[in-house]
Amino acid sequence: MRNPGPRTTVSLPAFCEGRMAASPLRLGPEKLFEMPAVLGRLSRYQSTSQAFAEVLRLPKQQLRKLLYPLQEVERYLVPDGRQDLHLRIFNPSLEDIARAESVFKATERNRIDYVSSAIRKDHAPDLPRPEVCFIGRSNVGKSSLIKALFSLAPEVEVRISKTPGHTKKMNFFKVGKHFTVVDMPGYGYRAPEDFADMVETYLKERSNLRRTFLLVDSVVGIQKTDNIAIEMCEEFALPYVIVLTKIDKSSKGHLLKQVLEIQKYVNTKTQGCFPQLFAVSTVTFSGIHLLRCFIANVTGNLDLTN
Ligand code: GDP
């Protein structure tokens, strides 16, 4: 897999599958919020997601917070012109977000299903589609996040591996003909003994793996075991993304502190990590739509390129 090279020489566009060109037809989120008329243009997407149609009816402030959770802390960060922060590399319009919703919406023609589980990479189903996987410490909120991403396919059972007495496995879910989502066993406390073998081999050898989402609890920040997982992603030159979970549990100040610390870590200690942090809460649903959009894009389903 492509190693983007040292941070100082990284060309941002290489990372920025979703960066939007400023064009009148592709208005960024701020402009869209200011133009109620444009919401009418989204009506054709509303039919694909009733839930998103309801989201669009939220008051402006609430909508912004829900779709772009880090925009709130950005107000405190950007005034002093911090060039080291990459808060808006992936900056899709509402239309793009709406398009991504339809990818995640289960229909007759877009079946979203659990496929199978595997305890070893060579047991993994042979699925040709692009794949994304989710890793993180036990209890980081991984199952909750995958469940939230699949909320438009409520019949999908995400907690398969948590059935008491069952070995923790890699669980594969297909999202129509679009891509596969892999839920990896949690590391750290209560990690399965064969975690390293199982996960390392998968990460190293899965040829259709497009992106690894590494979840970090926003309350406690990057822990020792997260460091090990990050080092593993770096060693295998994987393109990966850090997602801060449970942001509803942090005060604005605490979240700001974590974002600054983790952003600094990403900038100085990583090469393969996408420079923009994502943040989610499965309680308030903040950041879920944006993450869906990013996933749809990195799996080649939106084509948001400059
Ligand atoms: P996993 O072990 O990583 O799959 O973590 P779970 O998804 O099972 O979540 C662990 C605990 O954190 C559960 O009690 C969840 O209800 C809780 N949790 C998960 N996501 C959130 C969140 O966004 N906000 C809050 N407040 N709690 C969360």
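Keep in mind that this is a model prediction, so the values were computed, not measured. Numbering of ligands and ligand atoms starts at 1, following listing order.
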Task: Lys249, portion touching ligand 1 at heavy-atom distance under 4.0 Å - done: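 Answer for Lys249: side chain.
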Task: Within reach of ligand 1, part of Asn139 (heavy-atom separation under 4.0 Å) - done: both
Task: Per-atom contacts, ligand 1 versus Val283 - under 4.0 Å to a heavy atom - done: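 Ligand 1 atoms under the 4.0 Å threshold to Val283: 22 (C), 23 (O), 24 (N), 25 (C), 26 (N).
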Task: Atoms of ligand 1 close to Asp248 [distance to a heavy atom under 4.0 angstrom, numbered from 1] - done: 22 (C), 23 (O), 24 (N), 25 (C), 26 (N)
Task: Test item: Glu101 side-chain N/O and Phe52 main-chain N/O as donor-acceptor pair under 3.5 Å - done: no
Task: Contact check, Ser281 vs ligand 1, heavy-atom distance below 4.0 Å - done: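 Ser281 counts as a contact of ligand 1 under the 4.0 Å cut-off.
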Task: Proximity flag Thr245 to ligand 1, non-hydrogen atoms under 4.0 Å - done: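 For ligand 1, residue contact (heavy atoms, under 4.0 Å) with Thr245 is absent.
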Open item on the list: In terms of relative ring orientation, are Phe294 and Phe213 parallel, tilted or perpendicular, with 30° and 60° separating the classes?
Closed with: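 Perpendicular, since the angle between the ring planes exceeds 60°.
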TODO: Apply side chain to side chain donor-acceptor pair (under 3.5 Å) to Asp217 and list each qualifying residue two or more places apart in sequence or on a separate chain.
DONE: none
Task: Test of proximity, Leu145 against ligand 1: N or O pairs below 3.5 Å - done: no
Open item on the list: On a heavy-atom basis, I'd like to know which of Gly141, Ser144, Gly136 is closest to atom 5 (O) of ligand 1.
Closed with: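 It is Gly141 whose heavy atom sits nearest to atom 5 (O) of ligand 1.
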- [ ] Report yes if some heavy atom in the side chain of Val181 is under 4.5 Å from a heavy atom in the side chain of Phe150; otherwise report no.
- [x] yes
Open item on the list: Within 45 degrees of the ring normal and closer than 6.0 Å to the centroid, is that where the cationic atom of Arg292 sits relative to Phe104?
Closed with: yes
Open item on the list: Regarding Glu131 and Arg206, does a basic nitrogen lie under 4.0 Å from an acidic carboxylate oxygen?
Closed with: yes
